[in-house]
Protein chains: 2
Amino acid sequence: MKSPNQRARILDVARAAGVSTASVSRALSNPSQVSDETREAVLQAVEQTGYRANRAARNLRTQKTGAILALIPNLSNPFFSQVISGIEQVASQAGYSILVADTENQSTPKIHVADVFTDGIADGVIILDGFMEPESIESVRATGSENLVVYACEWAESVGLPSIRSDNAEGARLAARHLAECGHKRVGHICGPKDNILTPTRRDEFVKEARALGMEVRDEWILPGDFRLASGAAAAETILAMDQRPTGIFSASDMMALGFMKGLLAAGIKIPEEIALIGFDDVAIAAYMHPSLTTIRQNRVEIGRIAAKALLERIQNPNKDWEHFQHIVPVELVGRESTGPLPQK
Amino acid sequence: MKSPNQRARILDVARAAGVSTASVSRALSNPSQVSDETREAVLQAVEQTGYRANRAARNLRTQKTGAILALIPNLSNPFFSQVISGIEQVASQAGYSILVADTENQSTPKIHVADVFTDGIADGVIILDGFMEPESIESVRATGSENLVVYACEWAESVGLPSIRSDNAEGARLAARHLAECGHKRVGHICGPKDNILTPTRRDEFVKEARALGMEVRDEWILPGDFRLASGAAAAETILAMDQRPTGIFSASDMMALGFMKGLLAAGIKIPEEIALIGFDDVAIAAYMHPSLTTIRQNRVEIGRIAAKALLERIQNPNKDWEHFQHIVPVELVGRESTGPLPQK
DNA sequence: CTGAAAGCGCTTACAG
DNA sequence: CTGAAAGCGCTTACAG
């Protein structure tokens with residue numbers, strides 16, 4: 001019996017079981033490779049010594065880390081917490097740990113994705129940040145580790161990495177159709193952040209569909225935003241100052257929709273009677289607003305799960321020729337009070 | 001020059017620089033230990049070979065991992081994302097990685113805190129979960145690693161581990177005083193989860209202070225909750241069904257306050273005129289509700305930062321006799337529309 | 001200031 | 001089915 005804080009090594013187990021360290025290793029990682037007798041002796045010795053394999057030693061020997069890294073633009077942004085939760089669900093079940101890093105944290109040394117592999121920090125990377133520097137991504141390809149990196153929620157043009165994301169285009173069309181069905185003739189949009197790849201997708205698809213359905217979309221009704229509450233409130237100011245206002249607004253995020261709602265309600269505008277509002281995401285609070293927020297639901301947990309599954313498959317079979325993989329997760333319109341009841345036909 | 005995806009080892013650098021691996025190691029980790037000449041040769045060879053030290057090898061040799069683990073009850077709960085952000089800020093600056101694990105995820109194997117150290121998974125642990133099994137915590141002490149574990153936000157009775165958390169008692173008193181100043185005579189409380197250690201603190205301190213200030217607090221006005229939106233909405237139902245209602249409510253979380261607000265507004269109750277409302281946390285949306293939510297602000301990022309700092313200090317000096325450390329982070333009342341203007345004196 | 005050598009704790013061909 | 005031995009890639013006493 002060893003003293004409590006002197007951890008048992010594999011050699012201690014081998015001695016206690018009267019076998020070699022090789023047999024201990026096999027009994028633990030590949031039980032069918034050893035005789036019943038050996039296996040039982042080892043198991044008992046493990047119990048007795050409290051043995052647990054040392055990760056660093058195993059990692060060094062096997063050239064794996066058993067971890068995957070999630071690169072997140074802003075850890076304090078709750079949007080990502082559900083995606084991480086999905087990643088965690090499948091990764092932890094597969095025995096992988098999850099590392100998180102904040103790519104916008106100034107004090108963090110800039111992360112070069114390829115370095116993650118040369119440093120032996122993680123076996124794979126999930127990128128949730130659409131703004132990663134292109135060179136950083138290119139280096140992944142240069143080092144032949146492109147099968148060990150996937151995008152989730154975001155993607156990047158020209159970098160042929162796998163991407164798991166919502167059906168943003170369909171979400172935008174659903175929003176346009178819903179506003180049309182509610183009888184609106186003039187509609188506007190609050191955009192995502194400039195330079196974000198999601199922004200043109202949601203905007204252009206919404207505008208196109210809205211116009212196809214016969215609704216007017218003036219350029220001045222396309223308002224800038226950055227996904228955050230404050231930019232939604234600012235958009236409300238802009239709209240309130242207009243002589244001719246749209247009667248329906250599609251916001252590229254729920255948070256902006258809520259900021260916008262605050263701005264309108266504070267000015268005494270009635271929702272949905274005077275202006276109807278659709279968000280994007282379906283954050284938890286959306287259902288509990290007054291009026292509750294109609295929105296396009298993104299299944300963020302599912303995106304995290306699928307991304308982790310895709311990554312794990314590639315890690316376990318890195319040499320397979322993975323086709324250019326783009327997984328689009330369906331979205332869903334959730335009708336609530338902010339767009340009001342559909343007109344009776 | 002090696003082929004691109006054949007990573008350079010320390011021996012490759014040593015050869016390129018014409019020195020021993022020991023000198024390479026020293027030049028990199030402790031530059032003042034080697035001559036200028038050696039240092040420059042090494043640096044140049046590192047540049048040339050693209051060398052980066054392998055983590056697993058270093059970890060095995062130094063018996064450290066360079067990582068800290070955050071144990072989180074529910075990763076999809078946005079409450080924790082800001083705390084993690086604070087942890088990340090200080091940890092990454094100190095060169096540590098952050099591992100996250102969801103303690104409520106059923107598919108995750110139950111985590112025994114002491115195993116984190118014997119497995120060599122992390123050098124320290126920050127527990128954000130008030131419900132960790134006591135045995136799991138006890139084992140930490142049994143293995144002498146109690147200097148490598150801290151609580152953040154939560155704490156546990158009888159386990160003498162360091163804890164960094166908000167001044168919950170003061171927050172509750174601030175809420176009571178604010179309601180008294182606003183002229184309320186009858187007040188109630190929506191509680192946190194049963195069995196959570198925060199729950200009696202916030203409740204009892206609020207009730208005590210409220211009564212001391214001459215306000216009535218009936219037992220039936222103390223409503224159950226679990227920090228979530230739905231339980232706040234349920235509390236609204238309960239209140240609405242009462243003949244005699246309190247005129248002021250202190251909710252143990254913002255989320256419950258928002259669910260409660262929805263219930264009242266939907267029933268046509270005016271806030272703050274008929275019922276005033278105070279939350280706890282100051283989540284981002286609180287300022288953007290209509291009416292905006294008066295609340296007790298918790299500095300969650302700061303809690304994360306302090307917890308990480310305290311943990312890192314202990315990791316770097318584990319044998320020092322750390323006093324029983326309880327760091328209480330101040331809270332602040334943020335007055336908004338849901339409690340209305342203070343009456344003019 | 002420097003290098004040769006040991007060793008961290010595993011896993012896995014290899015030989016039997 | 002089993003064991004002896006090599007080796008993953010570092011760091012650090014030790015000796016000079």
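Quantities reported herein were computed from a predicted structural model and do not represent experimental measurements. Below, chains carry the letters A, B, ... as their sequence lines are ordered, and counting in each starts from 1.
The P atoms of C:dG9 and C:dA13 are separated by 23 Å, rounded to the nearest whole Å.
For B:N59 and D:dC8, the CG to P distance is 18 Å, given to the nearest whole Å. Atom NZ of B:K64 is separated from atom P of D:dC10 by 19 Å (rounded to the nearest Å). Taking atom CG of A:N54 as the reference point, atom C1' of D:dC8 lies 13 Å away to the nearest angstrom. Between A:R55 atom CZ and C:dC10 atom P the separation is 12 Å, expressed in whole Å. Look at CZ on A:R15: it is 12 Å from P on C:dG9, rounded to the nearest Å. One can place CG of A:L60 at 17 Å from P of D:dA6, the figure rounded to the nearest angstrom. Atom CD1 of B:I121 is separated from atom P of C:dC10 by 13 Å (rounded to the nearest Å). The distance between atom CZ of B:R7 and atom P of D:dG9, rounded to the nearest whole Å, is 7 Å.
Scanning for salt bridge (Lys or Arg N to Asp or Glu O under 4.0 Å) contacts around B:D195 gives an empty result, with sequence neighbours left out. Residues that satisfy the side-chain contact (heavy atoms from CB on, under 4.5 Å) test with A:T103, not counting sequence neighbours, are A:L71, A:P73, A:D129, A:M132. Under the side-chain contact (heavy atoms from CB on, under 4.5 Å) criterion, A:N30 pairs with A:S32, A:Q33, not counting sequence neighbours. Annotation: salt bridge (Lys or Arg N to Asp or Glu O under 4.0 Å) contacts of B:R58 (sequence neighbours excluded): none. In terms of the side-chain contact (heavy atoms from CB on, under 4.5 Å) criterion, residue partners of B:S166 (sequence neighbours excluded) are, by chain and number, B:N168, B:Q298, B:I303, B:V331.
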List the atom pairs, donor and acceptor, that lie under 3.5 Å between side-chain atoms in residues 20-28 of chain A and the rest of the protein, sequence neighbours left out.
| residue | atom | partner | partner atom | Å |
| --- | --- | --- | --- | --- |
| A:S20 | OG | A:A22 | N | 3.4 |
| A:S20 | OG | A:S23 | N | 3.2 |

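Note that B:R300 lies in the cation-pi zone of B:F79, set by a 6.0 Å cut-off to the ring centre and a 45° limit from the axis.
For the pair A:D123 (side chain) and A:T65 (backbone), a donor-acceptor distance under 3.5 Å is present.
Dashed line: the shortest gap from a side-chain N or O of B:T38 to OP1 or OP2 of C:dC1 is not under 4.0 Å.
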ask   = Reading nucleotides 11-16 of chain D 5' to 3', which nucleotides get B (base under 4.0 Å from a protein heavy atom), which S (sugar-phosphate only), which -?
value = BBBB--
request  = Using a 3.5 Å limit on both pairing distances, list the dot-bracket string of DNA chain C from the 5' end; Watson-Crick and G-U wobble pairs count, crossing pairs take [ ], interstrand pairs take |.
outcome  = |||.||||||||.|||
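Where B:R39 and B:Q63 meet DNA chain C, the nucleotide closest to each residue was compared, and B:R39 sits on the side nearer the 5' end.
For residues 304-314 of chain B, the pairs satisfying side chain to side chain donor-acceptor pair (under 3.5 Å) are B:Q89-B:R305, B:E302-B:R305, with sequence neighbours left out.
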